[in-house]
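Notes to accompany the following structure.
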Amino acid sequence: MPIAPRPTTFECAACDWAKTIAPGSDALAHADYPSACPACGHAPLVVRPANATEARWAIFLGLLSRKITR
């Protein structure tokens with residue numbers, strides 16, 4: 001049975017930009033994860049497991065965006 005990866009938070013050390021990604025499935029592409037900060041272009045990003053609050057928000061926003069696009 002496929003298991004989705006845990007939510008992950010990406011942070012920029014230069015400008016404090018952050019994004020949490022909660023994959024909906026185990027099928028991921030390289031483009032699903034940022035390699036540099038979209039705000040300032042700094043690379044590499046700090047990658048860490050999302051805390052409970054970040055994970056819940058990412059899952060909620062992912063579900064909300066799927067409902068809007070349908």
Side-chain angles (χ1 to χ4, degrees):
M1 174 187 267
I3 298 174
R6 294 189 54 192
T8 304
T9 298
F10 298 86
E11 298 176 332
C12 178
C15 72
D16 294 328
W17 170 88
K19 181 175 184 173
T20 300
I21 297 175
S25 72
D26 65 336
L28 303 173
H30 181 67
D32 293 337
Y33 294 104
S35 58
C37 177
C40 70
H42 182 266
L45 297 174
V46 176
V47 180
R48 63 174 176 78
N51 63 36
T53 303
E54 293 168 335
R56 285 186 188 113
W57 271 111
I59 292 168
F60 172 73
L61 293 175
L63 292 172
L64 185 63
S65 69
R66 287 185 204 127
K67 287 193 181 266
I68 290 172
T69 58
R70 287 185 182 177

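Quick note: residue numbers are just sequence positions, from 1.
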* Taking C-beta and beyond as the side chain, do Thr8 and Pro23 meet within less than 4.5 Å on heavy atoms? -> no
* Structure fact -> Correct closest heavy-atom pair for Ala22 and Ile59 would be CB-CG1, 3.7 Å
* Can you see which heavy atom on Pro7 is nearest to which on Thr20, and at what distance? => CB-CG2, 4.4 Å
* Asked: Rounded to the nearest 0.5 Å, what separation is found between the SG atom of Cys12 and the NE2 atom of His42?
  -> 5.5 Å
* Establish whether Leu64 and Trp57 are linked, either directly or via other cluster members, by ILVMFWY side-chain heavy-atom contacts under 4.5 Å. => yes
* Asked: Does some side-chain heavy atom of Val46 sit less than 4.5 Å from a side-chain heavy atom of Phe10?
  -> no
* With a cut-off of 6.0 Å (strictly less than), are more than 12 heavy atoms of other residues, nucleotides or ligands near CZ of Arg56? -> no
* Asked: Does the side chain of Pro38 reach to within under 4.5 Å of the side chain of Trp17, using non-hydrogen atoms?
  -> yes
* Structure fact -> So OG1 of Thr9 and NZ of Lys19: to nearest 0.5 Å the spacing works out to 11.5 Å
* Asked: Is the backbone of Tyr33 close enough, under 3.5 Å, to the side chain of Ser35 for a donor and an acceptor to pair up by distance?
  -> no
* For residues Ala50 and Arg6, report the shortest heavy-atom separation together with the two atoms involved. => O-NH2, 4.3 Å
